[in-house]
Amino acid sequence: MALMTLSPINARRWRNFKANRRAFWSMWIFGVLFVLSLFAEFLAYDKPILVNYRGAYYTPIWKFYPETEFGGDFQTEAVYRDPEVRCLIASGGLDACFDDPAGIVEEIAAGTFAAEGFQKGWALWPLIPYSYDTAVERPGAAPLPPNGENWLGTDATKRDVMARVIHGFRLSILFTFIVTGLASIIGIAAGAVQGYFGGWLDLVFQRIIEIWTSTPQLYVIIIMFAILGRSFWLLVFLMVLFGWMSLVGVVRAEFLRARNLEYVRAAKALGVSNGVIMFRHMLPNAMVATLTMLPFIVTGTISSLAALDYLGFGLPSSAPSLGELTLQAKQNLEAPWLAFTAFFTFAVMLSLLVFIFEGVRDAFDPRKTFR
């Protein structure tokens, strides 16, 4: 049914992509991982997903609740991992929680607690009760090895590594998709205009690109961060500013080759506008060369982000960063779980993306047919 809604050429492309088993299963695996990472707060977070207190339901994962809402003394947000707050929720706000919160919680869990005004409540926690910036309360010097509570151990500041990987995976992929999408749109448009019109416009554009590619990207990023401070969107802007030229060359070459073909001359003779000829008739023929470059752009963007974070010129220090995890692995050689986690995370992420884009490239190539 899905193929019936597609045009014949797109149906053929989809069949070719499905026939490439490596690309097809990589797409499913990556899709599941990415969708799960979009709901990272439901997998790894330091606040409950749902709280039942005196018969009322609360959603701390989405909404701010002061401690006084659960019978506490402070107007600040409740620290749900604090023993007193857990006792207040579990016991319905009994004053005895301020004397022996841990003991009362144990008695409630064992079913032996009985007191006047007692009304049992509960809290539904994520699978990993830590966020990417939550300090783990475990005895010992950081970094701590893996155990039943911290599956991948902790880093040098006692933050749960598994939680940082989940949130960092989402941040890296979203950053890559935004940068790659914006850079591709600008690069394809610039290459199409250069190749289609040629002449002085092409000559001037080429000189501008030559000057811009010789600009040291790292120095510009360091200077801009020193002036404006480190932020996610500033880094996106700077990466797009230097990344849009990756596709210009291949798109320009395809348009230079195709602009004198018969179908383009026929469209001009019929009075079709330049924009329609460029992006409706010529661009599909340039997609194979364009898609050939996309795996390199995607993996290059991820690697650049990791390298900048590793050097300390990437995302803000408060953000979950896979590059910063790599730096900690290098600084703490006695904690091999950090190095193995960083390596396997990047290896799986980059391999899946390369396999997917290779399948997309081959599906758009009319010369390749899979059985």
Side-chain angles (χ1 to χ4, degrees), residues 23 26-27 30 171-198 201-225 232-259 278-279 282-311 313-315 322-323 346 349-365:
S26 295
M27 180 191 70
F30 179 81
L171 185 63
S172 297
I173 296 301
L174 290 177
F175 177 87
T176 301
F177 283 173
I178 294 172
V179 171
T180 303
L182 294 176
S184 298
I185 292 173
I186 299 173
I188 290 172
V193 170
Q194 282 186 247
Y196 182 78
F197 292 105
L201 182 64
D202 182 34
L203 184 64
V204 172
F205 255 107
Q206 284 298 102
R207 300 294 81 76
I208 293 174
I209 290 176
E210 290 173 3
I211 295 172
W212 194 242
T213 52
S214 63
T215 305
Q217 177 181 352
L218 180 60
Y219 291 163
V220 174
I221 292 176
I222 294 174
I223 293 170
M224 294 298 291
F225 279 175
F232 177 86
W233 291 109
L234 177 59
L235 186 58
V236 167
F237 171 75
L238 294 174
M239 293 293 286
V240 172
L241 200 62
F242 289 96
W244 64 271
M245 294 165 289
S246 302
L247 290 175
V248 172
V250 292
V251 176
R252 171 178 172 269
E254 289 294 320
F255 272 73
L256 282 172
R257 180 184 63 83
R259 67 176 183 169
M278 291 165 59
F279 296 105
M282 298 178 66
L283 183 59
N285 295 323
M287 285 304 296
V288 175
T290 303
L291 292 172
T292 301
M293 295 296 299
L294 277 183
F296 302 102
I297 297 175
V298 170
T299 56
T301 303
I302 295 176
S303 302
S304 298
L305 176 63
L308 288 171
D309 289 335
Y310 181 85
L311 296 172
F313 301 112
L315 296 172
L322 298 178
F346 280 115
M349 179 167 53
L350 295 177
S351 298
L352 291 176
L353 287 171
V354 168
F355 293 156
I356 292 170
F357 280 107
E358 282 183 352
V360 173
R361 178 200 63 194
D362 293 340
F364 273 80
D365 192 345

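For Ala189, the side chain to side chain contact (heavy atoms under 4.5 Å, CB included) test picks out no residue, with sequence neighbours left out. Annotation: ring pair (Phe, Tyr, Trp, His ring centres under 6.0 Å) contacts of Phe175 (sequence neighbours excluded): Phe232. Scanning for ring pair (Phe, Tyr, Trp, His ring centres under 6.0 Å) contacts around Phe296 gives an empty result, with sequence neighbours left out. Qualifying side chain to side chain contact (heavy atoms under 4.5 Å, CB included) partners for Phe197, counting only residues two or more places apart in sequence or in other chains: Val193, Leu201, Asn274, Met278. Listed by chain and number, the residues in a side chain to side chain donor-acceptor pair (under 3.5 Å) with Gln217 amount to none (sequence neighbours excluded).
The two residues Ile173 and Ile302 have their closest heavy-atom pair at CD1-CD1, 4.5 Å. Listed here is the closest heavy atom pair of Phe225 and Gly314: CE1-O, 3.3 Å. Closest non-hydrogen pair, Pro295 versus Phe357, comes out as CG-CB, 3.3 Å. Considering every non-hydrogen atom in both Phe355 and Ala23, the closest pair reads O-CB, 3.3 Å. Nearest heavy-atom pair across Leu294 and Ser184 is CD2-OG, 3.7 Å.
Classification of Glu210 and Arg207 as a salt-bridged pair holds, one side-chain N sitting under 4.0 Å from a carboxylate O.
Interatomic distance, OG1 of Thr176 versus CG of Leu350, reported as 9.0 Å (0.5 Å rounding). A distance of 8.5 Å separates OG1 in Thr290 from CD1 in Ile297, rounded to the nearest 0.5 Å. With rounding to the nearest 0.5 Å, the separation of CD1 in Ile211 from CD in Gln206 is 11.5 Å.
Side-chain atoms of Asp309 come within 3.5 Å of backbone atoms of Leu315 as a donor-acceptor pair (strictly under, hydrogens ignored).
Inter-residue side-chain proximity for Val179 and Leu235 is flagged as unmet; no heavy-atom pair is nearer than 4.5 Å. Residues Val204 and Ile208 meet the side-chain proximity criterion, which asks for heavy atoms closer than 4.5 Å.
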So Leu218 and Leu308, side chain to side chain contact (heavy atoms under 4.5 Å, CB included) or not? Walk me through it. CA-CA 8 Å; Leu218 180 60; Leu308 288 171; 3.7 Å; yes

For residues 236-256, which side-chain N or O atoms pair as donor and acceptor with protein atoms under 3.5 Å away, sequence neighbours left out?
| residue | atom | partner | partner atom | Å |
| --- | --- | --- | --- | --- |
| Trp244 | NE1 | Leu241 | O | 3.1 |
| Ser246 | OG | Gly243 | O | 3.2 |
| Arg252 | NE | Asp202 | OD1 | 2.7 |
| Arg252 | NE | Asp202 | OD2 | 3.3 |
| Arg252 | NH2 | Asp202 | OD2 | 2.9 |
| Glu254 | OE1 | Arg257 | NH2 | 2.9 |

